[in-house]
Number of protein chains: 2
Amino acid sequence: MTYNEKYVSILRQHDFKVTLPRVKLLEILDGSGEPLSAFDIHKTLSKHGTDLATIYRSLSKFVEAGLLNKIDFGDEFSRYELATNEHYHHFICNECGKVIKIHQCNFDKLSKDIEKVAGHKVLSHEIIFRGICNECVSVASVAH
Amino acid sequence: MTYNEKYVSILRQHDFKVTLPRVKLLEILDGSGEPLSAFDIHKTLSKHGTDLATIYRSLSKFVEAGLLNKIDFGDEFSRYELATNEHYHHFICNECGKVIKIHQCNFDKLSKDIEKVAGHKVLSHEIIFRGICNECVSVASVAH
DNA sequence: GTTTGTGCAAACTGTTTGCAACTTC
DNA sequence: GAAGTTGCAAACAGTTTGCACAAAC
């Protein structure tokens, strides 16, 4: 079987065996602009006969290997996205549920402040913004 | 039965009937410096014969009423804390697991930036810091 | 041929729900 | 006494695990 070379080489680099469920899983996550749940991925992968258990097993191995990030928005399930070098956070639209990347972040300064004032060593931070996305904002203003 | 007047009046203010599980639940959360899970609360309340289901029911009603905040740190369960007017975030120590309130926050500015640049209306934000707390930092430095 | 991954079914864990009995107001 | 709350048991949803077979290297 011949797979998309991009994902094959990612898998090889991490000493993972190359299988259809894994290649497709990476392809799906890479193609999606948003973090996806195991269920989201299963919607597509089940067409190839792939089981949810297999998806969960790959997801957790890939997170462990640093290939994926696991994200928790406080709703029913965890979501996963490809890990990159970019530093960003997530904005969730209250209206449409869309998840948007936010690149603005002034946290180096804030982390240093916390370290100085309280003495805690800050190693990482996650921010979740909630509100109304630009598209839903304009829909609302037209409706009125 | 006679209960701590503080929690009785909170319940009355929100039109909740005053019962032992509810008064004690508020008392436990108020007494704890940290957000607690339903299980944590059950550890104490089960001594009075209170069921986990009752705790979950009260927690979700209280969250809905704005009395409590529900917090998700991405581990197995949700945590709850009394809602206050203070604005703060959470720091989780990687070593001891302690949850510490962080009052520093420069987000009004950042939120305005996001609104200006991307057009999303930011209504709220949650930040989770992770690292090593001041106590664990000093233990580590002594150990070396 | 050894190691690793897979599908299937069953288990597990945090949370929710149906219901009849019981409290609160 | 009407409305809301409780304990118990059973259900539920997302996730994990045991196992025998199969694919990757």
Side-chain angles (χ1 to χ4, degrees), chain A residues 1-5 7-27 35-65 67-68 70-80, chain B residues 1-5 7-26 28 35-65 67-68 70-80:
Chain A
M1 182 110 189
T2 163
Y3 301 123
N4 184 321
E5 201 41 57
Y7 309 111
V8 171
S9 79
I10 294 178
L11 288 169
R12 291 246 156 80
Q13 271 167 46
H14 287 82
D15 280 325
F16 287 121
K17 289 193 175 168
V18 175
T19 67
L20 182 143
R22 290 178 171 182
V23 173
K24 290 285 177 199
L25 189 153
L26 292 177
E27 197 171 323
L36 299 178
S37 68
F39 272 53
D40 293 331
I41 297 165
H42 184 62
K43 269 179 222 144
T44 305
L45 269 185
S46 62
K47 291 167 197 154
H48 299 89
T50 300
D51 195 73
L52 246 185
T54 301
I55 294 171
Y56 277 113
R57 278 189 275 231
S58 295
L59 287 173
S60 84
K61 291 213 161 188
F62 292 175
V63 169
E64 201 183 335
L67 246 163
L68 302 180
K70 182 178 183 180
I71 312 169
D72 233 285
F73 291 148
D75 57 0
E76 50 270 305
F77 30 65
S78 298
R79 283 154 225 254
Y80 300 82
Chain B
M1 183 106 188
T2 165
Y3 300 124
N4 183 321
E5 202 39 59
Y7 309 110
V8 171
S9 80
I10 294 178
L11 289 170
R12 291 244 155 80
Q13 271 168 44
H14 287 81
D15 281 325
F16 287 121
K17 290 195 173 163
V18 175
T19 66
L20 182 142
R22 291 178 170 184
V23 173
K24 290 285 178 199
L25 188 154
L26 293 177
I28 290 166
L36 299 178
S37 68
F39 272 53
D40 292 332
I41 297 166
H42 185 63
K43 268 180 222 143
T44 306
L45 269 185
S46 62
K47 289 168 198 153
H48 300 88
T50 300
D51 194 73
L52 245 185
T54 301
I55 294 172
Y56 277 112
R57 276 189 277 233
S58 295
L59 287 173
S60 84
K61 291 211 161 191
F62 293 174
V63 169
E64 199 182 337
L67 245 163
L68 302 181
K70 183 179 182 181
I71 312 169
D72 233 284
F73 290 149
D75 58 1
E76 49 269 306
F77 30 65
S78 298
R79 284 153 224 256
Y80 300 83

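Quantities reported herein were computed from a predicted structural model and do not represent experimental measurements. Numbered from 1 within each chain, the chains take letters A, B, ... in sequence-line order.
Rounding to the nearest 0.5 angstrom, the gap separating the CG atom in A/Leu20 from the NE2 atom in A/His48 is 5.5 Å. Taken from NZ in B/Lys70 to CD in B/Glu64, the straight-line distance is 11.5 Å, to the nearest 0.5 Å.
Put simply, CD1 on B/Ile55 is 14 Å from P on C/dG14, counting in whole angstrom units. In this structure, A/His48 atom NE2 and C/dG5 atom C1' are separated by 17 Å, rounded to whole Å. Straight-line distance from the OH atom of A/Tyr3 to the P atom of C/dG5: 14 Å, rounded to whole Å. To the nearest angstrom, P of C/dG5 lies 13 Å from CG of A/Leu26. Whole-Å rounding puts the B/Leu20 CG to C/dT24 P distance at 9 Å. Across the protein-nucleic acid pair, B/Leu59 atom CG and D/dT5 atom P stand 14 Å apart, rounded to whole Å. Summarising the geometry, the separation between CG on B/Asp75 and P on D/dT16 is reported as 13 Å, rounded to the nearest angstrom. In this entry the distance linking CZ of B/Phe16 with P of C/dC25 reads 13 Å, nearest Å.
Here A/Lys61 does not reach the OP1 or OP2 of C/dT4: none of its side-chain N or O atoms lies under 4.0 Å away. Side-chain N/O atoms of A/Thr50 include none lying less than 4.0 angstrom from OP1 or OP2 on C/dT6. Here B/Thr19 does not reach the OP1 or OP2 of D/dG4: none of its side-chain N or O atoms lies under 4.0 Å away.
Below the 3.5 angstrom threshold, one finds a donor paired with an acceptor across the side chain of A/Lys17 and the base of C/dT3.
Within the 3.5 Å criterion, the main-chain N or O of A/Thr54 finds a donor-acceptor partner in the side chain of A/Ser58. With hydrogens and angles disregarded, no donor-acceptor distance shorter than 3.5 Å links the side chain of B/Arg22 to the backbone of B/Leu11. A/Ser46 places a side-chain N or O within donor-acceptor distance of the main-chain N or O of A/His42, the cut-off being under 3.5 Å. In this structure a side-chain-to-backbone donor-acceptor pair under 3.5 Å is missing from A/Tyr3 to A/Thr19.
Out of D/dC25, D/dT6, C/dT6, the shortest distance to the side chain of A/Val18 is found at D/dC25.
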Measure all distances between protein nitrogen or oxygen atoms and nitrogen or oxygen atoms of nucleotides 15-17 of chain C, and list the pairs falling under 3.5 Å.
residue, atom, partner, partner atom, Å
C/dT15, OP1, B/Ser78, N, 3.2
C/dT15, OP2, B/Tyr56, OH, 2.1
C/dT15, O5', B/Tyr56, OH, 3.1

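Taken over five-pair windows at either terminus, the axes of the helix from C/dG1-D/dC25 to C/dC25-D/dG1 are inclined to one another by 40° (rounded to 10 degrees).
Heavy-atom minimum distance, B/Leu45 versus B/Pro21: CD1-O, 3.7 Å.
Side-chain contact check for A/Ser37 and A/Asp40: at least one donor-acceptor pair (N or O, by modelled atom type) lies under 3.5 Å.
Annotation: B/Tyr80 is not in aromatic contact with B/Phe62 [ring centroid separation under 6.0 Å not met].
Closest-nucleotide positions on DNA chain C for B/Arg12 and A/Ser58 were compared, and the one nearer the 5' end corresponds to A/Ser58.
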